[in-house]
There are 2 protein chains.
Amino acid sequence: MSITNVVRRKRVARENYHHGDLEAALIDAAVDLVRQTGPDHLSLRAVAEQVGVSPSAVYHYFPDKDSLISGVGDKLFIDLAHMQREALAQIPGVSARAAKLRYRELGRTYFRWANKEPNLFRLMFGGFCKIEKQGDHQGNDAFLMLTQCLDDLLNTGVISKAMRKYGELLSWTAVQGASTLIVEGHLPEEVFEDLLDGLELAMRAGSK
Amino acid sequence: MSITNVVRRKRVARENYHHGDLEAALIDAAVDLVRQTGPDHLSLRAVAEQVGVSPSAVYHYFPDKDSLISGVGDKLFIDLAHMQREALAQIPGVSARAAKLRYRELGRTYFRWANKEPNLFRLMFGGFCKIEKQGDHQGNDAFLMLTQCLDDLLNTGVISKAMRKYGELLSWTAVQGASTLIVEGHLPEEVFEDLLDGLELAMRAGSK
DNA sequence: TCGGTATCTGAATAGTGTTCAGATTATGGG
DNA sequence: CCCATAATCTGAACACTATTCAGATACCGA
């Protein structure tokens, strides 16, 4: 369906007929509106209007409004992973110092994403998007990056062998929780750096 | 008009009249409906109908639907703190063992609450309720309980002085994040006990 | 008992998600 | 090249929603 759309894209759009890929245009518009209004308060009709299409046209690409929102979530997870990958790429090196910086920057990128766009963060983790594979944290791009960072920390002697086992779990949950609690106003923004300090210290616990 | 007519009207009206506890009745009904439908998909009219009152009656107690939802959130936070207090009360004693059990049970209660009622958890931390005092984690009931637990752990030598400083921050964020990630299907339910193990080990890091 | 006030109703308005018959456009087969 | 067919989108309709407001009702104090 979307493949034929891409192929057809070389033919230029007619006035009333929508060029190539309406599905992506709808998601982009939805991202824009969710950022302003929040995942609740999103209007399917407003999305259609922003793209310049009738409300019923949406139903050729998404069975209902919730599926459209879920599609937005899929895109956002990809965007976040992409942003994290770029952040890591800017800190090369195999030293302990570089490994530490990468680890912290991975968490910061996650948090900055949440803090800059609270409504998009709420869409991702507020039960709006259906996760297909339950508990598929392995194979996840962001999870693999975290694993790599933790391995580097272990190999450079920054963290203990005993804590390495809990590395992904503790880091991911703490950063996720801090993002939520700060975004929702339960904790002040400044504590995030403290949390990174605490995590780094915590990961040295136990026998080497 | 006849006497019987007047009497009947009075009787019917009295049954429909709520006498000031309508506010609480509305919130209770809203809790019930949110549990089933989620914080989005809540219908103000359905809440009113469940209580047996007209939709416009709601507006005498809440300026709009969002405020009603926010009121639900306030109640849920109180309920959660109450549940945690009860959980702690069932584990008395000043030993290291008791302190550990209390610490873990505090986290478990938080997680069980989230896992048993995902939609209520989403309402609490999904941007649906307006937090009045930004970053007012001190003075919070649940926070005080956590502080007490951590002090007990320190005094019984279970955790290090160096990590005590990060105790509330690391514990709260990790448990919060784990609850979210498990509820939303990014992590399997079983890892929560692993997280408690990891937290307990982590809190021993650094100098005593 | 009366008057005022808090409480609730009924109707109306504007906006929502969703469905569906049909109009429009592009594509593939002859 | 043309035409049938499929894909794409529109317009109108339906049931439902939040919200407002004038007015009816029940309660309470004097």
Side-chain angles (χ1 to χ4, degrees), chain A residues 1-27 29-30 33-34 36-72 123 128 130, chain B residues 1 3-27 29-30 33-34 36-72 128 130:
Chain A
M1 161 186 310
S2 53
I3 293 177
T4 58
N5 279 337
V6 171
V7 171
R8 194 174 302 132
R9 188 180 160 77
K10 62 178 182 176
R11 290 282 183 196
V12 183
R14 291 281 182 201
E15 200 57 33
N16 246 351
Y17 221 65
H18 206 276
H19 36 293
D21 140 23
L22 178 56
E23 182 172 344
L26 287 170
I27 286 188
L33 288 174
V34 167
Q36 301 169 26
T37 69
D40 54 337
H41 300 99
L42 175 70
S43 160
L44 181 143
R45 294 177 106 100
V47 173
E49 192 180 16
Q50 173 140 330
V51 176
V53 94
S54 95
S56 29
V58 179
Y59 290 84
H60 274 258
Y61 299 92
F62 305 95
D64 51 22
K65 181 187 162 185
D66 287 347
S67 296
L68 169 61
I69 297 181
S70 207
V72 171
L123 188 152
F128 293 95
K130 313 290 169 202
Chain B
M1 60 178 68
I3 291 178
T4 58
N5 199 10
V6 171
V7 168
R8 185 181 303 144
R9 271 197 211 166
K10 256 186 187 173
R11 196 168 51 83
V12 169
R14 189 172 292 161
E15 279 172 1
N16 284 357
Y17 223 65
H18 262 275
H19 293 297
D21 60 346
L22 178 56
E23 182 171 345
L26 287 170
I27 286 187
L33 288 174
V34 166
Q36 301 169 25
T37 69
D40 54 337
H41 300 97
L42 176 71
S43 160
L44 182 143
R45 297 178 101 97
V47 173
E49 192 180 16
Q50 173 140 328
V51 176
V53 95
S54 96
S56 30
V58 178
Y59 290 84
H60 275 259
Y61 298 92
F62 305 95
D64 51 21
K65 181 186 162 186
D66 287 348
S67 296
L68 169 61
I69 297 182
S70 207
V72 170
F128 293 95
K130 313 290 169 202

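We name chains A, B, ... by the order of the sequence lines, and we start the count at 1 in each one.
Residues V58(B) and V47(B) form no side-chain contact, since every pair of their non-hydrogen atoms from C-beta on lies 4.5 Å or further apart. No side-chain heavy atom of Y61(A) sits less than 4.5 Å from a side-chain heavy atom of L68(A). Considering only heavy atoms from C-beta on, L33(A) stays 4.5 Å or farther from H41(A) through its side chain.
The side-chain hydrogen bond (donor to acceptor under 3.5 Å, both in side chains) test applied to S54(B) returns S56(B), not counting sequence neighbours.
Of all heavy-atom pairs between L44(B) and Y59(B), the closest is CD1-OH, 3.8 Å. Nearest approach of L123(A) to F128(A), heavy atoms of both residues: O-CB, 3.6 Å.
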Which pairs, protein N/O on one side and nucleotides 16-19 of chain D N/O on the other, fall under 3.5 Å?
{"unit_1": "dT17(D)", "atom_1": "OP1", "unit_2": "S43(B)", "atom_2": "OG", "d": "3.2"}
{"unit_1": "dA18(D)", "atom_1": "OP1", "unit_2": "L44(B)", "atom_2": "N", "d": "2.4"}
{"unit_1": "dA18(D)", "atom_1": "OP2", "unit_2": "L44(B)", "atom_2": "N", "d": "3.2"}
{"unit_1": "dA18(D)", "atom_1": "OP2", "unit_2": "R45(B)", "atom_2": "N", "d": "3.0"}
{"unit_1": "dA18(D)", "atom_1": "N7", "unit_2": "R45(B)", "atom_2": "NH1", "d": "2.4"}
{"unit_1": "dA18(D)", "atom_1": "N6", "unit_2": "R45(B)", "atom_2": "NH1", "d": "3.2"}
{"unit_1": "dT19(D)", "atom_1": "OP2", "unit_2": "Y59(B)", "atom_2": "OH", "d": "2.8"}
{"unit_1": "dT19(D)", "atom_1": "OP2", "unit_2": "K65(B)", "atom_2": "N", "d": "2.8"}
{"unit_1": "dT19(D)", "atom_1": "O5'", "unit_2": "Y59(B)", "atom_2": "OH", "d": "3.1"}

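At least one donor-acceptor pair under 3.5 Å links the side chain of K65(B) to the backbone N or O of L42(B).
With rounding to whole Å, L33(A) atom CG is found 15 Å from dG15(C) atom C1'. If you measure from atom CG of L26(A) to atom C1' of dT8(D), you get 13 Å, rounded to the nearest angstrom. To the nearest angstrom, P of dG17(C) lies 19 Å from OH of Y61(A). Distance L22(B) CG to dA26(D) C1': 14 Å, rounded to the nearest Å.
Nearest-nucleotide positions on DNA chain D for V58(A) and H60(B) put V58(A) closer to the 5' end.
With rounding to the nearest 0.5 Å, the separation of NZ in K130(B) from CD1 in I69(B) is 9.5 Å.
Rounded to 10 degrees, the angle separating the terminal axes of the helix from dT1(C)-dA30(D) to dG30(C)-dC1(D) is 10°, with each axis obtained from five end pairs.
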